[in-house]
Amino acid sequence: MNTLRFPCPNEKQRLFLLDTHRYVAFGGARGGGKSWAVRVKAILLAFRYPGIKIMIVRKTYPELRANHIAPMKQMLENEAVYKELTKEFSFPNGSLIMFRYAQTTADLDKYQGTETDVLFIDEATQFTEEQFDRFKACVRGVNDFPKRIYLTCNPGGVGHSFVKRLFIDRAYTSNEDGGQYAFIKSLVTDNHALMASDPDYVRQLEALPPKLRKAWLEGDWNIFEGQFFEEFRDEPAHYADRRFTHVISPFEVPDGWNVVRSFDFGFAKPFSCDWWAIDHDGTAYLVLQLYGCTGVPNEGLKWHPDRLFSEIARIEREHRWLKNRRIGGVADPSIWDQSRGEAIVDFADRHGVYFEKGDNKRLPGWMQCHYRLAFNEAGYPGVYFFSTCRHAIRTLPLLQFSDANPEDLDTSQEDHFADSFRYFCMSRPVTPVLPAAQNPPGDDPLDLAADRRYGAFSY
Ligand SMILES: Nc1ncnc2c1ncn2[C@@H]1O[C@H](COP(=O)(O)OP(=O)(O)OP(=O)(O)O)[C@@H](O)[C@H]1O
Ligand SMILES: [Mg+2]
């Protein structure tokens, strides 16, 4: 019987300590007591399951040492032996807590054969999805110990998008079971110990610039430095109440409205086919979306172009919002490319799905997207997204400015819907109206009509 005593966990930490999902993410903001909870949970598991293997991962060794190894040495003074060479605590009951770090993907090669029952990734958004997958592969073993993966995270970082997808948006691929994933949000205000011992810490967070403050103090995953569509507002509203938001509940598309289709295609990448309904004032509504991945290199095409365009044709034939309408299309000009064999557009033609070449000028295209998204003085934007078009709503706020080309977005991200949106906007350009001088830009998020660059728009 050990005599270890821990301070009381706070309410959110208690939930984390008790959670038995296969994947649990904890945190979403700074200072919520995440690293503390990782240490305590790892130790409790080590005592609870004699012989279990536990791995704690951070990006660098100095972080591991400061955040986990040193405090754990104090906590486990007479309970476990730490071996510097192997960076492991071994317990008298045979349990093991191993510390590992990986600054680059190549660092992961050395963990190829490592097996663990439980994995903790502290600051998971500092890892890429590929690195996450490779650590995940270490969770195996022929035994009855629970197999679990715990992540702690703050918004931002190279892993922001995969952590957000799995735990915040809960948008799963066919290989992932959403029932295995749990997210426990913890803010600094949940960490009573820190609030009492270091009230300045909260004041420091409050003093951050608005975007970082929202991310790190309030745990807002849609807002962080470098966000390309900063003005995007995802507060779902009904049609009657659609001011200062871009996301609205679906409604029946009136017969008299035009519907157009925009399309972006990628080899072995996601494609996005989007149907926009246009009202009599020219406001666009993204009403339906077909989004998927054409396939993985060398594994065959999941969405062969024939299947893709036959599905698009079927949707347009059968869906009550689309059938019996003349639907024009605009697409990524690269689908006319014949350098890899038959052009993709020929497959589309065969299924009666016709496109015009989209205007691919990037910066003017992005400006058109911004003009559309800008709210006019009354609070209405030029484009809305039905709340059911989740890949649009998920990916748009994730896109970041490119480091190399600051006016453009970083094209290494999931920008396929954004490209389709851009072709659509370029096919029906709107004119921006510069903000009135008496309406200076402000901090108020609702003051977007006064946005520095774009202002309100008119047709
Ligand atoms: N239940 C608790 N009882 C006593 N002290 C706690 C408790 N939870 C956390 N702390 C202390 O609060 C401080 C912040 O906690 P911790 O480092 O775990 O936060 P964090 O969420 O990992 O922060 P960061 O976002 O900076 O990584 C630490 O000094 C930690 O020891
Ligand atoms: Mg921490």
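Both counts, for ligands and for their atoms, begin at 1 and track the order of listing.
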Legend entry - Gln289/His391 under side-chain hydrogen bond (donor to acceptor under 3.5 Å, both in side chains): CA gap, chis, key distance, verdict: CA-CA 8 Å; Gln289 182 175 40; His391 292 286; 5.9 Å; no

Numbering as shown, the atoms of ligand 1 that approach [X] to under 4.0 Å (heavy-atom distance):
X	value
Cys8	1 (N), 2 (C), 3 (N)
Pro9	1 (N)
Gly32	21 (O)
Glu123	27 (O)
Gln13	1 (N), 2 (C), 7 (C), 8 (N), 9 (C)

Inset, instruction - Assess Lys41 against Phe120: is NZ or CZ under 6.0 Å from the centre of the six-membered ring, and within 45 degrees of the ring's axis? - result: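 Because its charged atom misses either the 6.0 Å distance or the 45° angle limit, Lys41 does not stack over Phe120.
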
Legend entry - Charged tip of Lys87 within 45° of Tyr82 ring normal and under 6.0 Å: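 No cation-pi geometry.
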
Inset, instruction - Verify the ring-centre separation between Phe417 and Tyr291: is it less than 6.0 angstrom? - result: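 They do not qualify: ring centres at least 6.0 Å apart.
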
Inset, instruction - Look at ligand 1 and say whether His192 reaches it with a heavy atom at a distance under 4.0 Å. - result: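 Outside the 4.0 Å threshold, so no.
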
Examine [X] against ligand 1 and note whether any of their N/O atoms are separated by less than 3.5 Å.
X	result
Ala193	no
Pro7	no
Gly33	yes

Legend entry - Within-cutoff protein neighbour (heavy atom, under 4.0 Å) for atom 9 (C) of ligand 1: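 Yes; the ligand atom in question has protein heavy-atom contact below 4.0 Å.
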
Salt bridge check, [Y] against [X]: does any charged N sit closer than 4.0 Å to a carboxylate O?
X	Y	answer
Arg100	Glu88	yes
Lys147	Asp117	yes
Lys269	Glu414	no
Glu115	Arg140	yes

Inset, instruction - Using side chain to side chain contact (heavy atoms under 4.5 Å, CB included) as the criterion, point out the one residue from Leu286, Val383, Asp274 that pairs with Phe421. - result: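 That would be Val383; it is the only one of Leu286, Val383, Asp274 passing the side chain to side chain contact (heavy atoms under 4.5 Å, CB included) with Phe421.
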
Legend entry - Whether Phe26 and Phe16 hold their rings parallel, tilted or perpendicular, with breakpoints at 30° and 60°: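 If you compare the ring of Phe26 with that of Phe16, the planes turn out parallel.
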
Quick test: of every protein heavy atom, which one is nearest to [atom], and how far off is it to 0.1 Å?
atom	answer
atom 29 (O) of ligand 1	Leu194 CD1, 5.0 Å
atom 18 (O) of ligand 1	Trp36 N, 2.8 Å
atom 26 (O) of ligand 1	Tyr201 OH, 3.5 Å
atom 17 (O) of ligand 1	Ser35 CB, 4.1 Å
atom 12 (O) of ligand 1	Asn191 ND2, 3.3 Å
atom 20 (P) of ligand 1	Lys34 N, 3.4 Å

Legend entry - CZ/Arg48: more than 12 non-hydrogen atoms of other groups inside 6.0 Å: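 No, the 6.0 Å shell around CZ holds no more than 12 heavy atoms from other groups.
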
Inset, instruction - Would you check if the Mg ion (ligand 2) lies under 2.8 Å from any N, O or S atom of Asn67? - result: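 Not a single backbone or side-chain N, O or S atom of Asn67 is under 2.8 Å from the Mg ion (ligand 2).
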
